[in-house]
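Here the structure is laid out as structure tokens; the discussion comes afterwards.
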Amino acid sequence: MNKEYNFLEIEKKWQDVWEQEKAFAASNQEDGRPTFFGLVEFPYPSGDGLHVGHMRAFSGLEVVARKRRLQGYNVLFPIGWDAFGLPTENFAIKNKVHPRIVTDKNISNFLRQCKSVGFGFDYDRQVDTTKSGYYKWTQWIFVKLFEKGLAYKDTTTVNFCDACAVVLANEDCQGGQCDRCGTAVVQKEKSVWFLKIRDYAERLLQGLDTVDYTERMKREQRNWIGKSEGLQFKFAVVADQAKSTPTMSKSKTKGVKNVAVAGAPSTSTKTATPKKVGNFEVYTTRPDTIFGVSFCVLAPEHPLLASLAGQITNKKELDAYANECKKKSEFERLNALDKTKTGVQVQGIFAVHPLTKKQIPLFVADYVMMSYGTGAVMAVPAHDGRDNEFAKKFGLPILQVVQTADPKDTASKDGTLCNSDFLDGMSVLQAKAKMIEYATKHKWGKAKTDYKMKDWAFNRQRYWGEPIPIVDCPKCGFVAVPTKDLPLMLPHLDDFAPGADGQSPLSRIESFVHCSCPQCGGKAKRETDTMPQWAGSSWYFLRYMSPNFEGGVVDKVAYKKWGQVDWYNGGMEHVTRHLIYSRFWNLFLYDIGVVTHPEPYKKRTAQGLILGEDGEKMSKSRGNVVSPDTIVKQYGADVLRLFVLFIGDYEKAAPWQSGGINGCVRFLHRIWALGQNLDDSVDISHIDVNECIAKVDSDIEQNKFNTAIATLMTLLNQMGQKTTRRLYGDFVKMLYPFAPHIAEELWQVCGYQGRLPQAGFAQADYVLTAQKTIQIPVQIGGKLKGTVSVLFDSTQAQVKQAILQDPSLSAHLQGVQIKKEIFVPNRIFNFIVG
RNA sequence: GCCCGAGUGACGGAAUGGUAGACGCACGGGACUUAAAAUCCCGAGGAGGCAACUCCGUGCCGGUUCGAGUCCGGCCCCGGGCACCA
């Protein structure tokens, strides 16, 4: 071999070979090989193409997949396109091109880029969520959810993005801003389809104990699900006798009994027995503090206010306050610098404490949310920061009921109960349990588990999505489109801009809207909203197993072969979005017998972002985006692949440094040059090859690609100008997962047998021809004084002898009293002196 | 406010409680060259010293240990997640 390293030529050559050979095709046949299913998040094919961040995201499992192939695995490493969604639609509207055309163009560009860096995806298994053969099954899953009562339509207050003109799920607007465009989300009353993900909250939580996700991911998901345990109970509401007339109108509230509350309220000076006019429920996680309740707070939109309008004497004032609150967007409420409590007392009625029977004032305040718990809270100002702030502002009593070691630490949960009747002296934990038991026994409350996670708002008022396969029949109500009629095709449309009135573009197509009811055959109308982008991505990993299967979501034989994803890598931003949704859908498919694993992914890791050279997140508006095309053209695919992994810790963000690329370029050139100097007479006994192989092997398994590459660089440095054929071959094998083009070429031009992936991974069975010598640090009195050169695995006596024979070291020991010797084999020798 | 993660050379980053700074970049010196680029060799945490060597060094303060970047306690700062969640 006497050729220059020409990456353009080599990379083209091997990419063609791989394509012709279908080198990365997974086999659904049973052939005795172990299987590996590696999954990367399928990209959204935007018009901007892939950026180097995608490259890094894919490169991690690409390396693992290539290594598995060397190790003889049958590898499923697929790629696909999450192609429905707003950016394409917006681009289409702006440029007056159909989203289908935009999508196809973007996909072919993404595909070109993936192939140009030599990613070993199984390109024959591509899935595209916008193809009817795919979304047929997305719709089918929705129909099943509907049939099982897990999809329902409800008119309620939902998150809405004015700029995108769509309803958003909670997961779509974390932090109060629209995920897509950053606009502050507002609350709007809408009729919306929901999926009952809350019904799965507990199982989604429990399932986390059975999977290998990083602790951080599990924590974020647990946090998002937001389980809490406490007591839910009723407060009776009585009319204020002083203000209401004896002939006051009867309450229209259901279940209200006009029965006097037993026992006169001790604080009340009124002589007449107060009339019970209603009740409301509260939820608390601190039932132990119930004796410290000095008022209650309702959310501004709490239904009690409407139902007791007759008794409430300041209804107008309350309505005005509620209107004020509505105007504030969620974003404003979260980010307001001025978070001082506001509220209005409800005049004309009082709540009755269930234990002390005292009448306590009732307030309306926007720090209580209608969407969590019962929309009403018992306020314990001594032991809750928000209640405390409110009580101070409105001059309400603050009753301490938990004594803590530090008197200032009122929120502490390690205190002892006081001023609390039969709870006095108990710990917080004991008192909680006692109170729940007491309330249950006396039938005025019950233990309750609540979750912060909300049901999944599922429809979008846009064109470029899966049509929701539901028919609204005046006689039968909502009826699902029968399976035989799926897919419900997304009709072609020339004007796909959203309606000004927040209506879906599909509602303008008469022929689509008007249909006959699948149940009674009568005239009916179709649902015209489409599904969110998360729908298609919630089950795509299943489709890869049998991408063209027409008989269902996944072919049972293929599922049996691949089952769970062995290793899924993606971004942290999807942990409380896509990852939760897809775990939910998979669990549902498990319940209806489509799949047999309750959890879709055995293991999940996340890559860090590649930041721009300025240390900021890469974005077009900042102008700091690096395109892989430029790097591939200038330095080659292998250099790019190496560099995105060498740049830093794979799981942490790292800034792009164009200067650093040179290191990877030189590395490959030096490898190439060394290949021309193979000589089996070279002594390699100074190189611990076994250790290098073991290190590269284990580093790859732990996403520590930067140190795996560093180990290869060190090994190359140690080999110097000449090395043996065997060692060089093993080096090329280890290089293969990272830089496969040059590795395949070197394997061939250096005359090794066979082809690379079949050649196996490097075997760590080198026989050390010379005994290994190591340097052991010597400490005297805890201070490092030097090192001593000894054979590996020397005994304490041997090392000590070597130290005493070393003049500079033994000089340090002259005239000192050695009290103790600490010897850690192959690590350290430490003399403790007196 | 609550919960995480991190803080190491000019820079990206390495270090099962055992020689801090692997590997790389940038840098300095040298070789090759008419010259430059490329390549190769050498150097390099800081301070002092001709030198051998000495002292100081992983955000700050304290502790445990023969020995701490690593473990513990208390801060500071940065990044992330959740957030009037009852």
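Because the structure is a prediction, the values reported are computed rather than measured. Reminder, nothing fancy here: chain letters follow the sequence lines and each chain counts from 1.
For A:H574, the side chain to side chain donor-acceptor pair (under 3.5 Å) test picks out A:E41, with sequence neighbours left out. Residues passing the side chain to side chain donor-acceptor pair (under 3.5 Å) test with A:D679, sequence neighbours excluded: A:S681. Checked against side chain to side chain donor-acceptor pair (under 3.5 Å), A:K704 has no partners two or more places apart in sequence or in another chain. Partners of A:D172 by side chain to side chain donor-acceptor pair (under 3.5 Å), not counting sequence neighbours, listed by chain and number: A:R460, A:W534.
Separating the C1' atom of B:G12 from that of B:C60 is a span of 25 Å, rounded to the nearest Å. Look at the P atom in both B:C61 and B:C76: the space between them is 15 Å, to the nearest Å. B:U70 and B:G80 are spaced 23 Å apart, taking the C1' atom of each and rounding to whole Å. With P as the reference atom, B:G5 and B:A22 are 27 Å apart, rounded to whole Å. Taking atom C1' on both B:U58 and B:A51, the two are 30 Å apart, rounded to the nearest angstrom. Taking atom P on both nucleotides, B:G57 is separated from B:A47 by 15 Å, rounded to a whole Å. Comparing the C1' positions of B:G45 and B:G21 gives a spacing of 8 Å, expressed to the nearest Å. B:C11 and B:A26 have their C1' atoms separated by 7 Å, given to the nearest Å.
A glycosidic torsion no more than 90° from 0 defines the syn conformation; B:G21 lies beyond that range and is anti.
Using a 4.0 Å cut-off between charged side-chain N and carboxylate O, A:D209 and A:R222 make a salt bridge. Taking 4.0 Å as the cut-off between side-chain N and carboxylate O, A:K234 and A:E281 do not count as a salt-bridged pair. Using a cutoff of 4.0 Å between basic side-chain nitrogens and carboxylate oxygens, A:R216 and A:E220 are scored as salt-bridged. Salt bridge annotation for A:E821-A:K800: present, with a cationic side-chain nitrogen under 4.0 angstrom from a carboxylate oxygen.
Rounded to whole Å, atom P of B:C85 lies 12 Å from atom CG of A:D366. Counting to the nearest Å, the P atom of B:C4 and the CE atom of A:M217 are 18 Å from each other. At whole-Å resolution of the value, NZ in A:K454 and C1' in B:A83 are 11 Å apart. Between the CE atom of A:M369 and the P atom of B:A86 there is a distance of 12 Å, rounded to whole Å. Counting to the nearest Å, the P atom of B:A86 and the CZ atom of A:F390 are 19 Å from each other. The separation between A:I828 atom CD1 and B:G17 atom P is 14 Å, rounded to whole Å. What separates CD of A:E229 from P of B:A86 is a distance of 12 Å, to the nearest Å. Atom CD in A:E651 sits about 15 Å away from atom C1' in B:C4, given to the nearest Å.
Around CD of A:Q721, the count of heavy atoms belonging to other residues, nucleotides or ligands within 6.0 Å does not exceed 12. More than 12 heavy atoms of other residues, nucleotides or ligands lie within 6.0 Å of NZ in A:K227, so this atom counts as buried by the packing criterion. Annotation for A:K218: atom NZ counts as buried by contact number, over 12 foreign heavy atoms lying within 6.0 Å. No more than 12 heavy atoms of other residues, nucleotides or ligands sit less than 6.0 Å from atom CD of A:E691.
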Would you tabulate the pairs of protein nitrogen or oxygen atoms and nucleotide nitrogen or oxygen atoms of nucleotides 63-72 of chain B closer than 3.5 angstrom?
unit_1, atom_1, unit_2, atom_2, d
B:C66, O2, A:N830, ND2, 2.3

Close N/O contacts between protein and nucleotides 7-14 of chain B (under 3.5 Å):
unit_1, atom_1, unit_2, atom_2, d
B:C11, O2', A:Q657, NE2, 2.7
B:G12, O4', A:Q657, OE1, 2.9
B:G12, O2', A:I647, O, 2.4
B:G13, O3', A:N706, ND2, 3.4
B:A14, OP1, A:N706, ND2, 3.1

Would you list the protein and nucleotides 79-82 of chain B atom pairs, both N or O, that sit under 3.5 Å from each other?
unit_1, atom_1, unit_2, atom_2, d
B:G80, O2', A:R216, NH2, 3.0
B:C82, OP1, A:Q174, OE1, 2.4

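Closest non-hydrogen pair, A:F235 versus A:H353, comes out as CE2-CA, 4.0 Å.
Considering only heavy atoms from C-beta on, A:I197 comes within 4.5 Å of A:M453 through its side chain.
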Let me have the donor-acceptor pairs involving side chains of residues 824-834 of chain A, under 3.5 Å, with sequence neighbours excluded, atom names and distances please.
unit_1, atom_1, unit_2, atom_2, d
A:N826, OD1, A:D793, N, 2.8
A:N826, ND2, A:D793, OD1, 2.9
A:N830, ND2, A:Q779, OE1, 3.1

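Listed by first and then second residue, the salt bridge (Lys or Arg N to Asp or Glu O under 4.0 Å) pairs that reach into residues 650-660 of chain A are A:D649-A:K652, sequence neighbours excluded. Listed by first and then second residue, the salt bridge (Lys or Arg N to Asp or Glu O under 4.0 Å) pairs involving residues 605-619 of chain A are A:E616-A:R622 (not counting sequence neighbours).
For the atom pair SG (A:C692) and CE (A:M734), the distance works out to 6.5 Å, reported to the nearest 0.5 Å.
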How does protein contact run along nucleotides 46-58 of chain B, one letter per nucleotide 5' to 3', with B for base contact, S for sugar-phosphate only, - for none, heavy atoms under 4.0 Å? --------S-S--
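For B:G1, neither phosphate oxygen OP1 nor OP2 lies less than 4.0 angstrom from any side-chain nitrogen or oxygen of A:R386.
The side chain of A:R666 lies closest to B:A26, out of B:A26, B:C23, B:A86.
When heavy atoms are screened at a 4.0 angstrom cut-off, A:T787 is found touching base atoms of the nucleic acid. Nucleic acid contact class of A:N717 (heavy atoms, under 4.0 Å, all strands): sugar-phosphate only. In this structure, A:G226 reaches neither bases nor backbone, as no heavy-atom distance under 4.0 Å exists between it and the strands shown.
For a distance-only test at 3.5 Å, the side chain of A:R827 fails to qualify as a donor-acceptor partner of the base of B:U19.
Comparing A:N170 and A:Y372 by the nucleotide of RNA chain B that holds the closest heavy atom to each, the one mapping nearer the 5' end is A:N170.
In secondary-structure terms, RNA chain B builds stems of at least 3 consecutive Watson-Crick or G-U pairs, each pair having both distances under 3.5 Å, at B:1-5 with B:78-82, B:27-31 with B:39-43, B:45-48 with B:53-56, B:59-63 with B:71-75.
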